[in-house]
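Contents: one structure, followed by commentary.
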Amino acid sequence: MRAAGRAAWARLWDRVAASDPGLLRLTAGLRTVASIALTLTVLSLLHASVPHLVAGAMSAMVSTFAIREKQRAGQAVTLALGLPVALASVSLSALLNSRVVAGDVFFVLLIFGAVYSRRFGDRGTALGLIGFQIYFLSLFIGATVSALPRLYGVIGVAFVCSALVRFALVPETPTGTLDRLRRAFRARFAQLVTAQLALLDAGPDDMEKALDDVREGTARLHETALLIQGRLEDGTSDEAVARLVQRRIADAEIAAERLGLLLLTARSAERGHTLTLHLPGAPVPLADRLPVPDRTTDTLRRELEALRLLVLRPVGADSGTGLAQVRNRLLGYREEENLPSASDAVQDVFRGIGEAARAVLGLRIAVDGPQDESEDTPATTRSREELDAEDVAIASSEEAEDAERTGLRRPTTRAAVQVAVGSSLAIIGGEFLSSQRWYWAVLTCWIVFLNTSSTGEILVKGYRRLLGTVLGVVAGIGLAGLVGHHTWTAFALVLLFIFAMFYTAPLSYTLMSFFVTAMLGLLYTLLHTYSASVLVLRIEETALGAACGVVAAALVLPVHTDRRTNELLGTVLARLTEVTEAAVDQLSGGAPAELLDKARDLDQALADLSASTQPLTHPITPLRARRDTARFVVALLETCAYHARYLAATAELLPTHPSIAADPRLREAGRRIVHNIGVIGAHVADGDAVGLIETGPSIASLLRPGTPGTPRYGRVTDRVLRHLQRLDEAVVGLARPLGVPIPAPAK
């Protein structure tokens, strides 16, 4: 019974870890709630009044969520600097409270400085955020000069409690975060294998849902891989270890994605297209049961289950012959003699399982060191030798940073000017709505500019905040009636809403706004300033603030969504060119390059582009054709990135892998792809650019041996050619929706 309970808890925890990579949201919510709860406990023991309890709670929240640095020493310094910034901010607010014009002018200058300070990295962002939020706090509670000494004490207590929770009660270290992210990667890998199992067994009616689950699992695995790669340098002992883990994460991701494509191909009447895994709503390929005997299907199902077990089983549970035998059996499918008698497509699935098992083994060795080799078969030994040879070849390098923009072209400067203008409009308009609550409009204007880069993004964020606020007002009215003046019940609900706010923030901005507004309704109740009209006024001020933000973004140094997406699209195409050109050059016998770093830059650029297209793909957009085009382009680029990652990973094996040799004929294949990417990039940058897409015979046919005795390709070269062919097709496919001329086929 106890064992069953532990197993159920382990499954539940794996689900949580998979849905919240690295438990980042859970940790952020728990740390913030713990800081507030500790602050309220200390202040209540000191017999603080309710307004001071509210001030302490909000100060603790700000001092906790504002600090985003990864290293504990940096967090401590920023927290120490944040206290005098907070005290200065609340002091100036109290002093200028009775001087309307001077106070408003200073508030606008403070907002400009808080946004501009983002150019100085995480510390500048945190100090600017603390300064703004504490000034807002003083307006919220109506701070006066006579109340400053007590407020100093309250804010000091909040900062001390925040430090205690951060460094002692709910500690977070880069190493610990990275370890949790690796567990999340393992859980998401296992979930993807589960979805692939469902794809194997899905009937014609269930095929669409099964394919959607595989798409979602593939996207989630990629998301976690990006999170891990972003924290490797801070969470590992040295750069060599970071590069090793980066390599193994890339291998595992490619192996998992390729296994899904091979399964789709085996289930389809024709070879599955990679785009099908990246484009939601793509036509489902014709599928029927696998064209193999039931016994082979049962074996395939068993091996997928075994792969899932191998992925999920912690390293500490590796002892025992059972798991070693499973691992050895799966790795054996990398050898031709161990493949079952079946069609080429089905055999490829078994090979894909073997490559995925090798990727799991490599990741375990990279993270946890050498494993027990007593039960190894010859196939497993060969896999270990390949991994060891690759590990030795990994070297570190540094890349030059891109030139930074200056003046008003710098994003932080432009955003600071925009938000200052928008806040000025919000102050003027907010005063007309309410001389007491005008700052709500300013807060909304400030928030819609955070983490946005174009007018379209600001418009969508403003709409989401307004929707969440309206729903939160309805909830706030109901909760205020239920809670009444039960102080500690209200504070308990406030803590619950704050946790929900932080936990849902990365998932849904509307949900976060809902919890913020519902929480504020409870705070107004505690301050005895609650009324339905106050919450309705909040809706009006929120709408005004969002409108002022959109107006400022549209009229002051505007960055239109089209311009922003074109800039990012150009960056993605440039990164794709770098990866493809370097990988093909190395596969053709050229000098080694830092391919995995280039592939990571490509993935990050693509993630930025995907985020920037949200205004174009939002469900409320009236431009349906434009929305479909944006989705199609992003999906094609994801397909290109997958093939480029594979080429990069294969090219990095050349110095060490005995079965992979450079093939100079691949250089010609890569030339056409690089040319076409360049033509598309030039057209995106300048619509009048001259250049035509090159089309013609397939990549493989370009490299067919022309004379007797010319060596044919090995299996690895054949696989590289398939990926080059798919990349070539995807690049040509990009030309059509982007309006790049394609020559008519010769008659």
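Remember, it's a predicted structure, so these values are computed and weren't measured experimentally.
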Consider only side-chain N and O atoms of [X] and [Y], and report whether a donor and an acceptor are under 3.5 Å apart.
X: Ser162; Y: Thr64; result: yes
X: Thr224; Y: Arg188; result: yes
X: Arg464; Y: Ser513; result: no
X: Glu172; Y: Thr177; result: yes

Measuring from atom [atom1] of [X] to atom [atom2] of [Y], what distance do you get when rounded to the nearest 0.5 angstrom?
X: Met58; Y: Ile498; atom1: CE; atom2: CD1; answer: 8.5 Å
X: Leu227; Y: Leu24; atom1: CG; atom2: CG; answer: 6.5 Å
X: Arg166; Y: Leu164; atom1: CZ; atom2: CG; answer: 12.0 Å
X: Arg31; Y: Phe65; atom1: CZ; atom2: CZ; answer: 13.5 Å
X: Leu522; Y: Thr517; atom1: CG; atom2: OG1; answer: 11.5 Å
X: Glu540; Y: Ser533; atom1: CD; atom2: OG; answer: 9.5 Å

For residues [X] and [Y], determine if any side-chain heavy atom of one lies less than 4.5 Å from a side-chain heavy atom of the other.
X: Glu223; Y: Leu226; value: no
X: Thr469; Y: Phe514; value: no
X: Trp438; Y: Ile428; value: no
X: Arg68; Y: Thr125; value: no
X: Val442; Y: Glu541; value: no
X: Phe499; Y: Leu30; value: yes
X: Val33; Y: Phe497; value: no
X: Leu466; Y: Ile539; value: yes

Is there a donor-acceptor pair under 3.5 Å between the side chain of [X] and the backbone N or O of [Y]?
X: Ser63; Y: Ala60; value: yes
X: Arg25; Y: Tyr503; value: yes
X: Thr78; Y: Gln75; value: no
X: Arg99; Y: Leu95; value: yes
X: Ser423; Y: Val419; value: yes
X: Ser434; Y: Gly430; value: no
X: Lys70; Y: Thr173; value: no
X: Thr504; Y: Ala500; value: yes

Looking only at heavy atoms, what is the nearest atom pair of [X] and [Y], with distance?
X: Gly103; Y: Leu96; value: CA-CB, 3.8 Å
X: Gly124; Y: Ser117; value: O-OG, 2.8 Å
X: Thr565; Y: Leu609; value: O-CD1, 3.6 Å

For residues 45-52, which side-chain donor-acceptor pairs fall under 3.5 Å, sequence neighbours excluded?
{"residue": "Ser49", "atom": "OG", "partner": "His52", "partner atom": "ND1", "Å": "3.2"}

Report task. Check the pair Arg600 / Asp603 against salt bridge (charged side-chain N to carboxylate O under 4.0 Å, His left out), numbers first and verdict last. Result -> CA-CA 5 Å; Arg600 177 188 169 189; Asp603 286 337; over 6 Å; no
Report summary line: Of Thr32, Val516, Leu496, Leu511, the one forming a side-chain contact (heavy atoms from CB on, under 4.5 Å) with Met501 is Val516
Query raised in the report: Does Arg72 CZ have over 12 foreign heavy atoms under 6.0 Å away?
Result: yes
Check residues 127-139 and write down every donor-acceptor pair under 3.5 Å in which the side-chain atom is one partner and the other belongs to a residue at least two apart or another chain.
{"residue": "Ser138", "atom": "OG", "partner": "Ser93", "partner atom": "OG", "Å": "2.3"}
{"residue": "Ser138", "atom": "OG", "partner": "Tyr135", "partner atom": "O", "Å": "2.6"}

Give the table of side-chain donor-acceptor pairs shorter than 3.5 Å for residues 141-161, with sequence neighbours excluded, one pair per line with atom names and distance.
{"residue": "Thr144", "atom": "OG1", "partner": "Ser146", "partner atom": "OG", "Å": "3.2"}
{"residue": "Tyr152", "atom": "OH", "partner": "Ser91", "partner atom": "OG", "Å": "2.4"}

